[in-house]
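The structure under discussion appears below in the form of structure tokens.
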Amino acid sequence: MEEWQAPAIILDARPYGEGGAIVTVLTEVQGRHAGLVRGGASRANAATWQTGNLVEARWVARLAEQLGNLSGELVHPTAALALEDRLALALLSSACAVAAEALPEREPHPRVFRALLPILAHLGEGAEAVMADYLRWEVLLLAELGYGLDLSACAVTGAREGLAAVSPRSGRAVCAEAAAPYAGRLLPLPRFLLDPADPGDAAAWAEGLRLTGHFLARDAFGARHRPVPAAREMLYDRVAALVTTAPDEAG
């Protein structure tokens, strides 16, 4: 008999059979892991197995390679807390879709799991409070998959100050002076990706989403001939809409 029990983030839940669900979760040690939840799609249990919720999960199977049975108790109802905030819901859907489709099955990525937990825990306070952290999480996820960006110093001069752009080819930072002649070819580097204390704003978040989105599309998903999840595209559209409506609201 094979089994484990651990805190888990629900990444995806699909109805299966009569009232059951195939649920994919993310744990610190087991990584992305699926299982059959009996009654998981029933009226009594569906709320527990919503995408983004944190549960105390237990997985059991006769053999390690089997799908196995998954059960669990709700710890934090992230999905319900984000339901009435369209931007928060878009962020939650994006995070879960990216993790579900980019992370290899049953391969541990504890840093990805641990960094996502506080984002989900504080999402009920509004997406604006965690958007910068979410983009930093995408940078971390890229690094964990072997596609890390080098934002430590300018690729041209070696300078560690004044970093303003990123090469779309190498993923290395470029300082403003060196970037100037190639501005149209480089990706803007938002300040909040260099300063953990900077929460950013809608324009900076849009830049960050374009930056990480480029490398997600080319490397994390492109290398596997898969598109970026629709939920991730939706998040960018939501943030881009904030940028375009901001002047009208100010007026």
Side-chain angles (χ1 to χ4, degrees), residues 1-83 85 88-125 127 130 133-134 136-138 140-141 143-145 220 229-232 235:
M1 184 71 69
E2 301 286 336
E3 66 178 288
W4 54 258
Q5 182 169 337
I9 299 167
I10 298 171
L11 301 182
D12 182 59
R14 292 174 286 114
Y16 181 82
E18 295 185 9
I22 301 295
V23 176
T24 302
V25 300
L26 179 65
T27 75
E28 183 171 10
V29 175
Q30 288 76 26
R32 178 173 68 87
H33 204 294
L36 170 63
V37 178
R38 300 186 184 281
S42 67
R43 181 174 298 180
N45 298 319
T48 296
W49 300 101
Q50 292 292 310
T51 297
N53 282 355
L54 178 66
V55 299
E56 182 66 24
R58 181 172 182 262
W59 178 86
V60 179
R62 189 170 61 85
L63 299 173
E65 59 268 23
Q66 292 180 322
L67 175 64
N69 292 307
L70 194 62
S71 59
E73 295 183 4
L74 182 63
V75 175
H76 183 72
T78 318
L81 295 174
L83 193 59
D85 182 337
L89 191 58
L91 188 155
L92 178 62
S93 298
S94 177
C96 293
V98 168
E101 298 187 35
L103 293 173
E105 188 175 13
R106 301 192 182 189
E107 182 178 292
H109 287 279
R111 295 175 64 209
V112 172
F113 174 80
R114 291 196 298 264
L116 186 54
L117 278 180
I119 295 172
L120 302 186
H122 295 286
L123 191 57
E125 301 169 17
V130 296
D133 288 330
Y134 170 74
R136 297 183 193 108
W137 176 80
E138 286 195 343
L140 171 63
L141 181 136
E144 285 282 309
L145 295 175
R232 174 54 167 73
L235 176 61

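For reference, positions follow the sequence shown, starting with 1. Hydrogens, waters and symmetry mates play no part in the numbers below; they use all other heavy atoms, side chains included. Just so we're clear, the structure is a prediction, and the values are computed from it rather than from any experiment.
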Residue set satisfying salt bridge (charged side-chain N to carboxylate O under 4.0 Å, His left out) with Arg114, at least two apart, ordered chain then number -> Glu28
Nearest heavy-atom approach of Arg32 to Glu105 is NH2-N, 3.1 Å
So CD1 of Ile9 and NE2 of His76: to nearest 0.5 Å the spacing works out to 10.5 Å
Contacts of Arg106 meeting salt bridge (charged side-chain N to carboxylate O under 4.0 Å, His left out) (sequence neighbours excluded), chain-then-number -> none
Closer than 3.5 angstrom, by distance alone: can the side chain of Trp49 be matched with the main-chain N or O of Ile22 as a donor-acceptor pair? no
Nearest heavy-atom contact between Ala220 and Leu145 is CB-CD1, 4.0 Å
Item to complete: Show your reasoning for whether side-chain hydrogen bond (donor to acceptor under 3.5 Å, both in side chains) applies to Asn45 and Ser42.
Response: CA-CA 5 Å; Asn45 298 319; Ser42 67; 3.3 Å; yes
For residues 45-73, the salt bridge (Lys or Arg N to Asp or Glu O under 4.0 Å) pairs (sequence neighbours left out) are Glu3-Arg58
Rounding to 0.5 Å, atoms CG (Leu235) and CG (Leu92) come to a distance of 10.5 Å
Taken to the nearest 0.5 Å, the spacing of Ile10 CD1 from Leu26 CG works out to 11.5 Å
Rounding to 0.5 Å, atoms CG (Leu91) and SG (Cys96) come to a distance of 9.5 Å
Minimal heavy-atom distance between Leu70 and Ala57, with the atoms involved, is CD1-CB, 4.2 Å
